[in-house]
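First the structure, in the form of structure tokens, and then the observations on it.
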Amino acid sequence: MTNQQILLKYWGYPSFRPLQEEIIQSVLDGRDTLALLPTGGGKSITFQVPAMAMEGLCLVISPLIALMKDQVDHLKKRNIPAAAIYSGMHPHEIDIILNNARLGEYKLLYISPERLATEKMKDAVRRIKINLLAVDEAHCISQWGYDFRPPYLKIAEIRPFLPGVPVLALTATATSEVIGDIQEKLLFSQQNVFKKSFERKNLTYYVFREEDKNRRIEKIIRTIKGCGIIYVRNRKQTKTIAESLTKKGFSAVYYHAGLDPNERTKRQNDWIGEKKSIMVATNAFGMGIDKPNVRFVIHIDLPESLEAYYQEAGRAGRDDKRSFAVLLYENSDILDARHNLTVNYPTMDQIKATYHALGNYYGMPVQTGLDQSIEFDLVKFSEHYKFSAQVVFNSLKFLEKEGYIVMSEAIHQPSLIWFSTDKESLYRYQVENESMDAFIKVLLRSYSGLFSGFVPISENEISRRSGLSPREVVELLVRLQKTGIIDYTRQTDLPKITFASPLVDSRHLTLSPENYQYRLKDAERRLESVISYAESSHKCRSQSLLAYFGEFDSKRCGKCDVCIERNKIELNDLEFETILSQVKPFLKTSPLSLARILEIPRDMPEDKIIRVVQWLADSGKIILDDEGRYFWK
């Protein structure tokens, strides 16, 4: 089949989006390829189509478990065989998936970068017929990237095992520095970048300095109408704002990672299915969700970086219809953001104390624990040791970046069982243990495939079918596990910590001071870029974002809050830029009177110069001193 036939057969799309087909052809030609497509630009199609077009399996590196599970579920619904391996899975479950991959039973296999670094996975890579190595969220490989993850640096180590297999690196956000770094770190044979402009012509950006944010939110929703997302920083606010909007007659629901998984799924589906029009959420919401008709995204707190803001705001208007991204802030938000930055960087003593407590909490001796996964309740752990939960969380993030541990996000993982014995041995066990026979038969009648792999089960459903209480069901499952008949993993909603290296004495724990200081400085730089974007009142919002991502030749959008004010002075862009470029250097050097300013631009009418001066003054870029002279702020 041709690429277009594959696209139509499995995804139902009659044609590719811009750049998708070119990227796919580059991969099919065997070329290492870096694809920069904005959020909602269809990145997954660029590796899923060639995976189907070529013999073998596409190995996909992805950092987010929830995203991996979501993509695998979607592929299975399209009758495309796929699987995922990530930290915290049962070892036997991993073995079964790897064995199936060796037998050619999958077209796509998703794994986390941490899992790729294990010897078991490296050995498996040698034995699996791989046609493409896809690296999602590729900016994570670069220390210049906003979400640097050291395990990504080890991806290139498997390339010698895959001669002739191309790499496709994908990201939605990358500066020019990161673009070069990705290709270098992944050992590209030659530079090869497909880059779609970051410009979103249908998306209008607004920034409002606003003390009464609730009033502004209500005004925005009544004006724009339709479906939208409101991003807030903490969980408590999601509920408060959603309930406030509901009381005022809006159809709103809230979402955060602390909700019951079934409730999260229900609320997400209600929003996607138009039962609720407004989702109030933390940034835990949105990854992997493709809802095209989102008309607005409102941020009521400053984001940590412009990369994060661009991704989250970009969830609006994926149907190419006019949509809005609005950032609300006040002066106290800037102070809070700078304070939070210091909290995000705990001291070395705090990091060591957290690591030492982690070993004690789980009773792990030094030099043990490699590849061991444990459920982790941040609140209980912090309360037990009287630590600040925020300090603990950020300490763990540093331990992760240095390769000591791996943290998985909180996702619902159902109970799983697998009959690890053969059918003949099981029959003998049933004959010798008559009291267990009826229970085993209930399991076999209720679920198929129990001998070929791990199968999700419900203890409550087994309880209903067997007439036993849920507690008795669990006891019998545990008993079967202890006798070697099944492998049983109980459901959990907690995140997991996996020890990526054996536990060391906390006194010998080391963090690279260069990395620590670099990351702090880089975080400060990113935050200041956000503050500059928010406070700027003289440069088009779209142009500001595009310039941050290395696009310096864009035109004003003409629609954002800055452009609307700029349009009022009735000068074309050439006239405005000509006057500004001549006047600005003088004003930055020394204060000037209006009469002196009017003498600077050559061959320009005075009334147009005065309009530019007035606009600069209204925008706060120039200030009038006590002597009636203007100077650049």
Side-chain angles (χ1 to χ4, degrees), residues 19-20 22-24 26-27 30-51 58-68 70-71 84 86 108-117 125 130-159 162 165-198 287-288 305-308 310-312 314 400-401 406 519 522 526 548-551:
L19 277 188
Q20 282 183 330
E22 294 89 331
I23 293 165
I24 290 168
S26 176
V27 168
R31 301 178 65 199
D32 294 336
T33 305
L34 171 57
L36 277 88
L37 295 174
T39 300
K43 293 188 292 297
S44 58
I45 288 290
T46 62
F47 61 82
Q48 290 171 351
V49 168
C58 173
L59 187 64
V60 186
I61 315 299
S62 177
L64 295 171
I65 295 174
L67 195 57
M68 282 195 271
D70 184 63
Q71 290 212 5
Y86 43 82
L108 293 106
L109 176 60
Y110 289 75
I111 65 171
S112 62
E114 298 82 14
R115 179 58 51 184
L116 183 65
V125 165
I130 294 172
N131 57 31
L132 174 63
L133 178 61
V135 182
D136 203 6
E137 307 295 337
H139 56 268
C140 294
I141 203 170
S142 174
Q143 289 202 17
W144 303 101
Y146 76 100
D147 193 20
F148 171 59
R149 298 185 180 214
Y152 265 74
L153 294 172
K154 296 184 179 294
I155 294 173
E157 292 179 4
I158 70 165
R159 295 212 65 181
L162 304 173
V165 175
V167 170
L168 173 58
L170 304 119
T171 182
T173 51
T175 61
S176 55
E177 287 176 314
V178 174
I179 289 170
D181 211 22
I182 291 171
Q183 295 175 89
E184 179 185 336
K185 296 291 194 305
L186 288 174
L187 305 180
F188 272 40
S189 55
Q190 62 183 43
Q191 299 270 313
N192 184 29
V193 182
F194 289 85
K195 181 180 178 182
K196 186 178 178 182
S197 172
F198 286 90
M287 185 66 75
S305 68
L306 288 180
E307 287 95 336
Y310 178 82
Q311 278 205 333
E312 290 162 9
E400 182 178 42
K401 289 183 185 299
V406 177
R519 288 172 189 151
D522 191 56
R526 293 181 194 283
Y548 183 80
F549 292 112
E551 296 183 32

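When all heavy atoms of Tyr152 and Ala138 are compared, the pair lying nearest together is CE2-CA, 4.4 Å. The heavy-atom pair separating Ser62 from Pro113 by the smallest distance is O-CD, 3.5 Å. Nearest heavy atoms, Pro166 versus Leu132: O-CD1, 3.4 Å. Residues Lys195 and Leu19 come closest through the heavy atom pair C-CD1, 3.6 Å.
The ring pair (Phe, Tyr, Trp, His ring centres under 6.0 Å) check on Phe549 picks up Phe198, Tyr310, with sequence neighbours excluded. Contacts of Glu400 classified as salt bridge (charged side-chain N to carboxylate O under 4.0 Å, His left out), with partners at least two apart in sequence or in another chain: Lys397. Every salt bridge (charged side-chain N to carboxylate O under 4.0 Å, His left out) that Arg159 has, sequence neighbours left out, goes to Asp32. Looking at residues two or more places apart in sequence or on another chain, you find a side chain to side chain donor-acceptor pair (under 3.5 Å) between Ser197 and Glu551. Taking Ser44 as the reference, Phe47, Gln48, Gln71 meet the side chain to side chain contact (heavy atoms under 4.5 Å, CB included) condition, with sequence neighbours excluded. Here Glu22 pairs with nothing under the side chain to side chain donor-acceptor pair (under 3.5 Å) rule; sequence neighbours left out.
Proximity of Tyr110 to Leu67: side-chain heavy atoms (C-beta onward) are nowhere separated by under 4.5 Å. Residues Leu37 and Thr46 have side chains in contact (heavy-atom distance under 4.5 Å, counting atoms from C-beta outward). Counting heavy atoms from C-beta on, the side chains of Ile111 and Ile61 come closer than 4.5 Å. Considering only heavy atoms from C-beta on, Ile155 stays 4.5 Å or farther from Val167 through its side chain.
The only member of Ile158, Leu109, Leu162 that meets side-chain contact (heavy atoms from CB on, under 4.5 Å) when paired with Ile130 is Leu162.
The CG atom of Leu34 sits 8.0 Å away from atom OG1 of Thr171, with the distance rounded to the nearest 0.5 Å. For the atom pair NE2 of His139 and OG1 of Thr173, the computed distance is 4.5 Å after rounding to the nearest 0.5 Å. Put simply, CG on Leu116 and CD on Glu114 are 9.5 Å apart, with the number rounded to the nearest 0.5 Å.
In terms of modelled atom types and a separation under 3.5 Å, the side chain of Gln20 and the main chain of Gly42 share a donor-acceptor contact.
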N/O donor-acceptor pairs under 3.5 Å from side chains in residues 177-187, not counting sequence neighbours:
residue	atom	partner	partner atom	Å
Asp181	OD1	Lys185	NZ	2.6
Asp181	OD2	Ser142	OG	2.7
Asp181	OD2	Lys185	NZ	3.4
Gln183	OE1	Asn192	N	2.9
Gln183	NE2	Ile179	O	3.2
Gln183	NE2	Gln191	OE1	3.1

